[in-house]
Number of protein chains: 2
Amino acid sequence: MQKLNEIFFYQLEKTIKLYRRYVQARFKDQGFGITVDQWLVLKALSENTKLTQSDLAELVFKDKASMTRLIELLVLKKLVQRAAHETSRRRFKLTITEKGHELIAQITPLVKDNRKHGLHGISLAELQTTEQTLKKIINNCNN
Amino acid sequence: MQKLNEIFFYQLEKTIKLYRRYVQARFKDQGFGITVDQWLVLKALSENTKLTQSDLAELVFKDKASMTRLIELLVLKKLVQRAAHETSRRRFKLTITEKGHELIAQITPLVKDNRKHGLHGISLAELQTTEQTLKKIINNCNN
DNA sequence: AAATAATAGTTGATATATCAACTGTTGATA
DNA sequence: TATCAACAGTTGATATATCAACTATTATTT
């Protein structure tokens with residue numbers, strides 16, 4: 001069998017973990033007291049206010065229980081508010097607070113810069129091929 | 001800013017998480033009572049007996065404390081043995097037990113099949129480009 | 001050789017993730 | 001409309017990850 005280091009999926013894992021570590025370190029450096037996952041949820045919510053906790057869980061690849069707790073944290077940090085849902089008493093209406101919007105505004109340049117830094121020196125063609133490969137793998141794993 | 005779904009690193013994360021989930025499910029289905037991380041450690045050890053716990057931690061992107069506990073589990077499962085190191089009293093000599101070797105032999109076909117399944121329909125050229133992209137990202141994150 | 005720094009690994013505290021069982025609510029259907 | 005299934009979210013138990021502080025040992029410096 002191939003050595004770990006030569007295995008494609010090992011490299012894939014290595015890449016995303018290093019990138020996450022890089023991003024998390026920058027978040028910390030610059031005094032943003034949130035995790036990458038919390039950021040993803042915040043960003044998803046800012047794109048679409050109608051997302052339920054279950055939707056969010058799926059989006060960031062966690063289960064509902066984890067999402068309950070993650071959102072509790074965002075609420076504790078006063079970045080997100082939970083309110084009664086207009087039509088369903090099962091759901092919550094999740095809204096980003098003023099403080100949350102401020103954080104998003106402040107962190108966005110950093111986030112963009114992280115992506116740019118991570119993708120530095122990679123041509124558009126390479127990137128597109130890579131995206132295509134990822135899509136195929138995603139498909140393969142779903143059946 | 002782009003939507004989450006259009007962001008390259010989000011796709012990257014999605015890919016590896018789905019693949020992991022896929023592999024873990026197959027491990028479970030077929031009655032292999034180990035996690036993907038435990039498998040990676042076992043495999044790394046089978047490639048190189050001289051690896052220390054710290055080496056292993058770095059290899060699978062965890063810290064030393066996590067590795068201590070992961071190895072404890074492998075020892076409990078009687079897949080790995082800890083013994084005194086020949087030259088250093090700080091280290092352990094980690095060896096794979098007979099049972100461990102058997103597990104490796106049994107799980108290897110499944111592992112190979114998983115990789116094949118995950119990469120189905122991807123050309124060699126695509127794969128190589130993708131690997132190159134990953135390497136560049138890894139480099140970018142390390143400085 | 002003595003002092004100091006660096007290394008390998010462990011431990012306890014804490015954070016987070018996952019699972020299964022649960023509540024309450026809504027949707028479907030008979 | 002009464003029944004039952006599906007759904008949204010929570011909770012407690014448990015597993016795992018991470019951090020910081022620690023011990024013991026080995027390597028380096030002076």
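Every chain is numbered from 1, with letters handed out A, B, ... down the list of sequences.
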Categorize T52(B) for me: base, sugar-phosphate, or nothing, with a 4.0 angstrom heavy-atom threshold over every strand shown. sugar-phosphate
Is it true that F61(A) and Y10(B) have ring centroids separated by less than 6.0 Å? yes
Identify whether any heavy atom of K62(B) sits under 4.0 Å from a base atom; if not, whether one sits that close to sugar-phosphate; answer base, sugar-phosphate or nothing. sugar-phosphate
May I ask you to say what S54(B) touches in the nucleic acid, namely base, sugar-phosphate or nothing, with a heavy-atom cut-off under 4.0 Å? sugar-phosphate
NE2 of H120(B): more than 12 outside heavy atoms within 6.0 angstrom? no
Phosphate oxygens OP1/OP2 of dT10(D): is one of them under 4.0 Å from a side-chain N or O of T68(A)? yes
Whole angstrom value for the distance that separates P of dG9(D) from CG of L94(A): 7 Å
Is the shortest side-chain N to carboxylate O distance from D55(A) to R91(A) below 4.0 Å? no
Regarding dT7(C), can its base be found pairing with the side chain of R90(B) as donor and acceptor, where the two atoms are less than 3.5 Å apart? yes
Under 4.0 Å, counting only non-hydrogen atoms across every strand here, what does S66(B) touch: a base, just sugar-phosphate, or nothing? base
Need the pair for dA30(C). Rule: Watson-Crick or G-U wobble, both distances under 3.5 Å, any strand; none if unpaired. dT1(D)
Whole-Å gap separating C1' (dG12(D)) and CG (D63(A)): 14 Å
Starting the side chain at C-beta, find the nucleotide from dA8(D), dT10(C), dT11(C) nearest to Q53(B). dT10(C)
Where each residue is assigned the nucleotide of DNA chain C containing its nearest heavy atom, which of A65(A) and S88(A) is assigned the position nearer the 5′ end? A65(A)
Give a yes or no on whether a donor-acceptor pair under 3.5 Å exists between the nucleobase atoms of dG12(D), that is its base, and the side chain of R69(A). yes
Could R26(B) and Y22(B) be counted as a cation-pi pair, given that NZ or CZ must be under 6.0 Å from the ring centre and within 45° of the axis? yes
Taking for each residue the nucleotide of DNA chain D with the nearest heavy atom, is it L70(B) or L51(A) whose nucleotide lies nearer the 5' end? L51(A)
Expressed as a whole number of angstroms, how long is the span from H85(A):NE2 to dT26(C):C1'? 12 Å
Report the distance from atom CD of E72(A) to atom P of dT16(C), rounded to the nearest whole Å. 12 Å
note: F92(A), atom CZ; dG24(C), atom C1'; distance rounded to Å ~ 11 Å
Should I137(A) and F9(A) be marked as a side chain to side chain contact (heavy atoms under 4.5 Å, CB included) after you check the CA-CA gap, both sets of side-chain angles, and the distance that decides it? CA-CA 10 Å; I137(A) 297 171; F9(A) 288 105; 3.9 Å; yes
Atom-to-atom span, CD of E86(A) to P of dT26(C) - whole angstrom: 13 Å
Within the structure, does a side-chain N or O atom of R91(A) lie under 4.0 Å from either OP1 or OP2 of dC7(D)? no
So does R82(B) get a side-chain nitrogen or oxygen closer than 4.0 Å to the phosphate oxygens (OP1/OP2) of dA8(C)? no
In whole angstrom, what separates Q24(B)'s CD from dT16(D)'s C1'? 13 Å
When you look at CD of E58(B), are more than 12 heavy atoms from neighbouring residues, nucleotides or ligands closer to it than 6.0 Å? no
Base, sugar-phosphate, or nothing for L73(B), non-hydrogen atoms under 4.0 angstrom? sugar-phosphate
CD1 of I71(B) versus P of dT16(D): gap in Å, rounded? 14 Å
When the nearest nucleotide of DNA chain C is assigned to K28(B) and to T35(A) on a heavy-atom basis, which residue is associated with the more 5' position? T35(A)
